[in-house]
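Structure first, commentary second.
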Amino acid sequence: MTDTTHTSPLRKGYASSRFGQLHYVESGGGEPVLMLHQTPRSWTEYLDVLPLVGTRYRAIAMDTLGYGASAKPEGPHTIERFADAVGDLVEALGLDRFHLVGHHTGGVIAVEVAARFQDRVASLVLSAAAFVDDEKRDGGHGSVDHVDPAPDGTHLRALWDNRRAFYQPGDEAHLTRYVIDALTVLDRVEEGHEAVRRYAMEPRLPKITARTLAVCAPDDRFSRPSLAKFAAALGCPTRVLSDGHVAAPEQVPQEFAGIVMEWAGRG
């Protein structure tokens, strides 16, 4: 396992895009590793991972278009539009070749980005990404994060309760960051999940040329079944983390960072 005992400081920045400014945070230098978060989160999902990966690489975590401090355009969110914004950031930062990591919604966006950029993506880590097929699209999933704003503020507790089961005692800081992120997009908090369920993934998978690894936390029952599907579709290896749930990058950051660096370093 890669040594993750040292860390690298964080640097924040903005890049211009066709949608407006895109916010990103980076750490370290060298080969770029671009990380995409789940929705409705922000770059802070990788708060503890960035400085670890930054000890060896130029670790970059962007705020997905419409989330965090990135531009929030009108119109429906789609995986394709999210990927458009990622592409604009890649060009603005001059990333001629880069490693790509995506978690949950970010993993689905990473599929689209890898299909577009092909040989420019040096390696790909799909973390708890949903395999979007007819079963996923037609599954009749209910809302994940939706709450109705209440005059007495009880919707704040409702946001907390929506995801409390995904966290363990001691994870309160992580859950607080989720609530903060969700509040910034409260009127559109569910749209990232809806965009995932509309995405036509199957024709995009054959276009991926990057060396790919699919990983998932052991308690993430939503995503574990997708590992076998990605393995079958991409011929890629899979790995189950030692611990964690939906918030794996926050719950096991050293292990997560180690896997990212190990996989990137195999090239």
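Computed from heavy atoms alone, side chains included, the values below leave out hydrogens, waters and symmetry copies.
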Closest non-hydrogen atom pair between [X] and [Y], with its separation:
X: Pro249; Y: Glu45; result: CB-O, 3.6 Å
X: His155; Y: Asp148; result: CB-O, 3.5 Å
X: Ala110; Y: Leu126; result: CB-CD2, 4.1 Å
X: His103; Y: Ala128; result: CE1-CB, 3.9 Å
X: His193; Y: Thr39; result: CE1-O, 3.1 Å
X: Lys136; Y: Phe131; result: CB-O, 3.8 Å

Ignoring hydrogens and angles, tell me if any N or O in the side chain of [X] forms a donor-acceptor pair with the backbone of [Y] under 3.5 Å.
X: His174; Y: Glu250; value: yes
X: Tyr24; Y: Leu34; value: no
X: Arg163; Y: Val246; value: no
X: Asp63; Y: Trp43; value: yes
X: Ser226; Y: Ala130; value: no
X: Lys72; Y: Ser70; value: yes
X: Tyr46; Y: Leu36; value: yes
X: Thr154; Y: Ala150; value: no
X: Gln118; Y: Lys207; value: yes
X: His146; Y: Arg188; value: no

[atom1]/[X] to [atom2]/[Y] distance, rounded to the nearest 0.5 angstrom?
X: Leu156; Y: Ile180; atom1: CG; atom2: CD1; value: 11.0 Å
X: Tyr199; Y: Ile109; atom1: OH; atom2: CD1; value: 10.0 Å
X: Leu100; Y: Ser123; atom1: CG; atom2: OG; value: 8.0 Å
X: Leu47; Y: Arg41; atom1: CG; atom2: CZ; value: 9.5 Å
X: Ser17; Y: Leu22; atom1: OG; atom2: CG; value: 3.5 Å
X: Thr238; Y: Arg224; atom1: OG1; atom2: CZ; value: 9.0 Å

Using side-chain heavy atoms (C-beta onward) and a distance below 4.5 Å, is [X] in contact with [Y]?
X: Trp160; Y: Asn162; answer: no
X: Thr64; Y: Thr105; answer: no
X: Asp181; Y: Pro40; answer: no
X: Asp48; Y: Thr7; answer: no
X: Thr212; Y: Phe230; answer: no
X: Asp133; Y: Met201; answer: no
X: Cys216; Y: Val240; answer: no
X: Val25; Y: Arg11; answer: no

Assess whether side-chain contact (heavy atoms from CB on, under 4.5 Å) is satisfied between Phe82 and Tyr67, documenting all intermediate values.
CA-CA 10 Å; Phe82 291 149; Tyr67 297 87; 3.9 Å; yes

Check whether the ring centres of Phe222 and Phe166 lie less than 6.0 Å apart, and answer yes or no.
yes

Run the ring-centre check on His245 versus Tyr167 and record whether the distance is less than 6.0 Å.
no

Same apolar cluster: [X] and [Y], side chain cutoff 4.5 Å:
X: Leu95; Y: Val260; result: no
X: Leu89; Y: Val111; result: yes
X: Trp263; Y: Phe117; result: no
X: Leu65; Y: Ile60; result: yes
X: Leu124; Y: Val108; result: yes

Results of side-chain contact (heavy atoms from CB on, under 4.5 Å) for Ser16 - residues two or more places apart only
none

Determine, stepwise, if the pair His99 / Val121 fulfils side-chain contact (heavy atoms from CB on, under 4.5 Å).
CA-CA 6 Å; His99 304 278; Val121 177; over 6 Å; no

Suppose the criterion is salt bridge (charged side-chain N to carboxylate O under 4.0 Å, His left out): which pairs have a residue in residues 107-125, not counting sequence neighbours?
Asp84-Arg116, Glu91-Arg120, Glu112-Arg116, Glu112-Arg204

Kindly determine whether Ser223 and His104 satisfy side-chain contact (heavy atoms from CB on, under 4.5 Å), including the steps that lead there.
CA-CA 8 Å; Ser223 303; His104 269 268; 3.2 Å; yes

Any side-chain donor-acceptor pair under 3.5 Å between [X] and [Y]?
X: His37; Y: Ser42; value: no
X: Arg81; Y: His77; value: yes
X: Gln168; Y: Gln251; value: no

Short N-O contact, Glu202 and Lys229, less than 4.0 angstrom:
no

Ionic contact status for Arg58 with Glu26, cut-off 4.0 Å
yes

Take Arg266 and Arg211 through the side-chain contact (heavy atoms from CB on, under 4.5 Å) test and state the conclusion after the steps.
CA-CA 9 Å; Arg266 290 192 180 188; Arg211 179 171 42 83; 3.5 Å; yes

Looking at Arg157, I want to see if its CZ is surrounded by more than 12 non-hydrogen atoms of other residues, nucleotides or ligands under 6.0 Å.
no

